[in-house]
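Side chains included, hydrogens not; waters and symmetry mates left out as well; all remaining heavy atoms used. Remember, predicted model here, so these are calculated numbers, not experimental data. Reminder, nothing fancy here: chain letters follow the sequence lines and each chain counts from 1.
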2 protein chains.
Amino acid sequence: MTFQDPAVDLDVTAQTISRAIAERDLTGLARQLGTLDLSQILDIGGRLEDRQRAVMFRLLPKDRALEVFERLDPALQRELVHDLQGGEVAELFAALEPDDRVWLLDELPAALATRLLRGLPDHERALTASVLGYPQHSVGRRMSPAYVSARPEHTAGQTLERVRARIDDAETIYTIPVLDATRHLVGIISLRDVLRAESSTALEQLMVDPHSALATEDAELAARRCAELRMPALPVVDAEQRLVGILTLDDAVRILEREEDEDSARQGGVEPLRRPYLATPVRSLVRSRIVWLLVLAVGATLTVQVLDAFEATLEQVTVLALFVPLLIGTGGNTGNQAATTVTRALALGDVGPRDVLRVLARELRVGLLMGLLLGVLGAVIAGLLYSPGIGLVIGLTLVGICAVAATIGGVMPLVARAVRVDPAVFSNPFISTFVDATGLVVYFVIARAVLGI
Amino acid sequence: MTFQDPAVDLDVTAQTISRAIAERDLTGLARQLGTLDLSQILDIGGRLEDRQRAVMFRLLPKDRALEVFERLDPALQRELVHDLQGGEVAELFAALEPDDRVWLLDELPAALATRLLRGLPDHERALTASVLGYPQHSVGRRMSPAYVSARPEHTAGQTLERVRARIDDAETIYTIPVLDATRHLVGIISLRDVLRAESSTALEQLMVDPHSALATEDAELAARRCAELRMPALPVVDAEQRLVGILTLDDAVRILEREEDEDSARQGGVEPLRRPYLATPVRSLVRSRIVWLLVLAVGATLTVQVLDAFEATLEQVTVLALFVPLLIGTGGNTGNQAATTVTRALALGDVGPRDVLRVLARELRVGLLMGLLLGVLGAVIAGLLYSPGIGLVIGLTLVGICAVAATIGGVMPLVARAVRVDPAVFSNPFISTFVDATGLVVYFVIARAVLGI
């Protein structure tokens with residue numbers, strides 16, 4: 001089975017475009033851009049440098065430009081805003097949906113954000129402000145305040161008219177929250193069910209119990225629920241169950257993608273780039289990594305101290321040094337495995353900090369089982385190649401290290417969550433470093449006891 | 001800012017439910033289940049053991065049971081099918097959408113899959129077979145063949161009638177592919193634009209250029225495009241551009257979530273669980289990890305061999321052993337950072353195998369820069385604590401290791417993709433192990449040269 005590789009063509013097109021920009025062949029460029037579809041333009045935009053992207057963006061027809069802008073990562077939007085002129089920016093900004101506007105505002109310097117907000121028409125500014133009022137990372141800040149709602153006593157026919165009347169203002173018309181006289185959310189109905197029903201049927205006979213998210217709830221949790229329930233949109237309510245907005249599935253996807261970007265990056269000890277790799281300057285790549293690398297290197301000096309403390313033992317039995325990378329590597333891997341599994345389970349909401357004892361008990365058993373398997377193998381091989389004593393030391397150490405590493409690796413993400421730190425931060429490289437030092441202590445304590453030194 | 005923690009209540013409810021099942025208090029249980037909403041039932045289902053889940057499932061009202069079943073992970077669906085009776089399974093199976101059926105069929109033993117398919121009504125079997133005909137991992141296998149299409153000459157009013165007539169058969173009615181007389185995809189129109197238009201306007205004046213996916217294209221790529229374009233659904237066509245199905249955004253999300261599950265797991269050296277952590281038996285956890293751990297441990301014996309080859313050097317200058325974990329740890333971390341960034345960029349389609357030289361050049365520069373920063377620091381500290389010679393060795397080794405590790409870590413995922421292996425497989429633990437051995441060689445070669453041994 002072979003899949004087509006659209007990347008090949010794109011790469012060539014990106015090169016042609018960046019050459020045309022360098023040669024200032026702007027009419028040729030505009031003509032070429034006209035032949036590309038939205039998804040190609042987005043992909044190529046991700047391969048250009050900031051200034052080239054701004055030139056390309058300017059040459060797009062106005063509608064297309066807005067479509068592209070809406071779909072860019074907020075970090076790229078920020079760069080673009082930087083490279084465009086004030087008037088162009090204000091126009092783009094006014095054309096965005098209120099929730100997209102807030103994504104962008106979160107990226108911009110405060111002075112520019114204020115200026116842009118001030119330039120908005122009153123109605124749009126009020127909508128945007130209602131979203132901006134919710135805390136960072138809450139679903140309130142990611143919802144759209146532009147929805148179509150209905151009342152339980154409305155008929156299906158009336159509702160359809162209502163939808164038609166507000167069709168240009170609403171972010172989605174496919175999910176319609178049903179509100180009572182005091183704006184409390186009492187039900188939800190899909191446009192599909194509205195179309196399916198007799199036009200004289202009242203919504204109270206058609207609507208279903210609403211799932212909803214609390215506006216102050218964590219945006220990731222709400223987005224995941226929206227995706228898990230496979231709902232096209234999730235109503236967002238305040239503490240009194242009054243409707244304040246709606247989270248559409250495509251916004252939920254955007255939230256989840258960004259969270260997964262962060263999780264995946266942090267698990268590898270990197271800060272998320274939040275922009276395409278090839279569009280990221282080398283200095284930004286270094287910046288996204290150097291702090292973590294330094295922190296981890298400082299943490300690793302612990303291993304130097306542990307080895308220093310056991311230097312006498314090392315001098316007596318140099319052969320012990322040969323196994324250091326293998327043993328701590330295995331410990332690190334075991335810890336990473338446990339941490340990866342538990343971090344993902346946390347992100348999916350399958351476990352929480354309250355499950356810490358259950359996770360501990362499971363990971364201890366998993367670690368012991370794997371340690372026994374590896375330990376027997378290691379003891380036999382090292383015993384044959386070096387000496388029975390060394391074999392015993394290696395075997396016992398593997399059991400100990402795997403048990404300790406799996407337990408630490410499994411519990412660490414839960415502890416992180418409990419103290420409200422991103423669990424992925426405490427993850428793989430961090431755990432490796434921590435487990436390295438612990439593993440060395442286990443190793444030398446066992447070696448001293450078994451070899452009688 | 002505090003978020004509510006719904007997990008606390010869920011945990012208590014899950015415990016009550018599993019107690020009620022153990023005590024066979026089934027009426028009490030059914031009553032309690034009646035008070036829970038869909039998302040709560042799903043969460044609790046993820047905390048029960050297989051048999052308990054089957055009991056809970058049986059007590060749900062029929063409609064609710066189908067809703068729950070549709071949203072379970074395919075692996076959990078398989079367990080449930082195992083625990084239910086033949087008649088119950090056949091009924092559930094017939095009620096699923098064709099594409100959901102294929103997700104499940106991919107999980108089931110062939111004999112059971114054949115039997116279930118044979119039990120379907122003719123029409124449903126034909127729909128399912130059309131999806132089953134596409135290769136594994138292709139978007140054809142994940143699309144729905146149940147769509148509403150229209151013709152360019154249809155008016156908006158006619159289209160609305162058409163949608164109403166087929167409203168119960170189609171997976172989505174919100175995106176309507178427009179086909180010519182020979183079923184070629186010529187445009188796409190949203191239900192929103194149909195409702196917005198004058199009822200006498202022909203679709204050819206309303207429809208927009210269609211984005212589409214080729215049925216044999218990789219499902220992940222198509223799903224990511226659907227999400228990136230923020231489209232509620234993406235038409236799926238054959239090589240002649242004839243419509244064969246439609247990929248809805250919620251199915252795209254499901255595909256992406258599963259891919260991200262796999263990537264995140266493999267980056268940690270674990271096979272994906274594909275079921276909630278607490279619902280996974282310890283033996284399955286061990287199974288998902290032990291093979292990788294063994295492979296990595298075997299790979300790590302390379303480090304024993306390298307150290308064995310330099311044992312004479314080690315015996316002469318035991319202090320060199322003290323830095324081994326720190327140096328290889330830093331190498332591993334640098335490699336992981338590069339691999340994480342590039343693997344994610346690959347998954348997002350930001351880079352491809354063709355970019356290998358560009359990635360190599362960037363990562364080499366990143367590695368050298370970070371190596372220089374760490375190297376100077378390391379040289380000064382080690383020089384002060386031990387000796388200027390040792391300091392120089394540590395400094396130079398850090399530069400070398402970081403450069404090598406970043407380059408290997410960055411290039412490896414691209415090589416994996418080029419040979420059609422999951423890039424995440426070649427990722428963190430694998431790269432650590434590989435970089436460990438390389439790093440040790442760099443270390444001892446530099447040490448011998450500088451210290452003149």
Problem set entry | Ring-face cation of B/R362 near A/Y277 (centre distance under 6.0 Å, axis angle within 45°) |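 Yes, B/R362 sits over the ring of A/Y277.
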
Please classify the contact between [X] and chain B as side chain, backbone, both or neither, with a heavy-atom cut-off of under 4.5 Å.
X: A/I290; result: both
X: A/A338; result: both
X: A/L327; result: neither
X: A/V324; result: side chain
X: A/R289; result: both
X: A/I173; result: both
X: A/L302; result: neither
X: A/L440; result: side chain
X: A/L374; result: side chain
X: A/L256; result: side chain

How many angstroms lie between [atom1] in [X] and [atom2] in [Y], if you round to the nearest 0.5 Å?
X: B/T301; Y: A/L385; atom1: OG1; atom2: CG; result: 10.0 Å
X: B/D308; Y: A/F323; atom1: CG; atom2: CZ; result: 8.0 Å
X: A/L307; Y: B/L320; atom1: CG; atom2: CG; result: 12.0 Å
X: B/L293; Y: A/L398; atom1: CG; atom2: CG; result: 9.0 Å
X: B/S264; Y: A/Q267; atom1: OG; atom2: CD; result: 5.0 Å

Which one wins on heavy-atom pair count under 4.5 Å against chain A: [options]?
options: B/V253, B/I381, B/D250; result: B/D250
options: B/V366, B/V270, B/T303; result: B/V366
options: B/V319, B/L314, B/L191, B/L294; result: B/L191

Any idea which of [options] has the most non-hydrogen atom pairs under 4.5 angstrom with chain B?
options: A/Q305, A/E257, A/E311; result: A/E257
options: A/L273, A/D261, A/D209, A/T330; result: A/D261
options: A/L195, A/I328, A/V304; result: A/L195
options: A/E363, A/R192, A/R196; result: A/R192
options: A/L42, A/T318, A/I167; result: A/I167
options: A/D436, A/T433, A/L296; result: A/L296

Problem set entry | salt_bridge(B/R275, A/D350) N-O dist < 4.0 Å |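 Salt bridge between B/R275 and A/D350, a charged N being under 4.0 Å from a carboxylate O: no.
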
Problem set entry | Short N-O contact, A/E260 and B/R224, less than 4.0 angstrom |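 Looking at B/R224 together with A/E260, the answer is no, because their closest N to O distance does not fall below 4.0 Å.
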
Exercise. B/R358 versus A/R47: any side-chain heavy-atom pair under 4.5 Å?
Worked result: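 B/R358 vs A/R47: side chains touch.
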
With a 4.5 angstrom heavy-atom cut-off, is it the side chain or the backbone of [X] that approaches chain A, or both, or neither?
X: B/S288; result: neither
X: B/V359; result: both
X: B/D263; result: neither
X: B/S284; result: neither
X: B/Y134; result: neither
X: B/L249; result: both
X: B/L229; result: both
X: B/P210; result: neither

Exercise. Between the side chain of B/Q337 and the main-chain N/O of A/G269, is any donor-acceptor distance below 3.5 Å?
Worked result: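 Side chain of B/Q337 to backbone of A/G269, a donor-acceptor pair under 3.5 Å: yes, one is there.
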
Exercise. Near A/R164 CZ, under 6.0 Å, is it more than 12 heavy atoms from other residues, nucleotides or ligands?
Worked result: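 Check passes, neighbour count above 12.
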
Exercise. What pair of heavy atoms forms the shortest contact from A/S39 to B/R225, and how long is it?
Worked result: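 Distance-wise, the nearest heavy atoms are OG-CD, 3.3 Å.
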
Problem set entry | Partner set under side-chain contact (heavy atoms from CB on, under 4.5 Å) for B/D251, not counting sequence neighbours |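 Result, side-chain contact (heavy atoms from CB on, under 4.5 Å) vs B/D251: A/R230, B/D99, B/D100, B/E171, B/L247, B/T248, B/R254.
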
Problem set entry | Stepwise side chain to side chain contact (heavy atoms under 4.5 Å, CB included) check, A/E228 with B/D43 | CA-CA 10 Å; A/E228 185 185 49; B/D43 283 342; 4.0 Å; yes

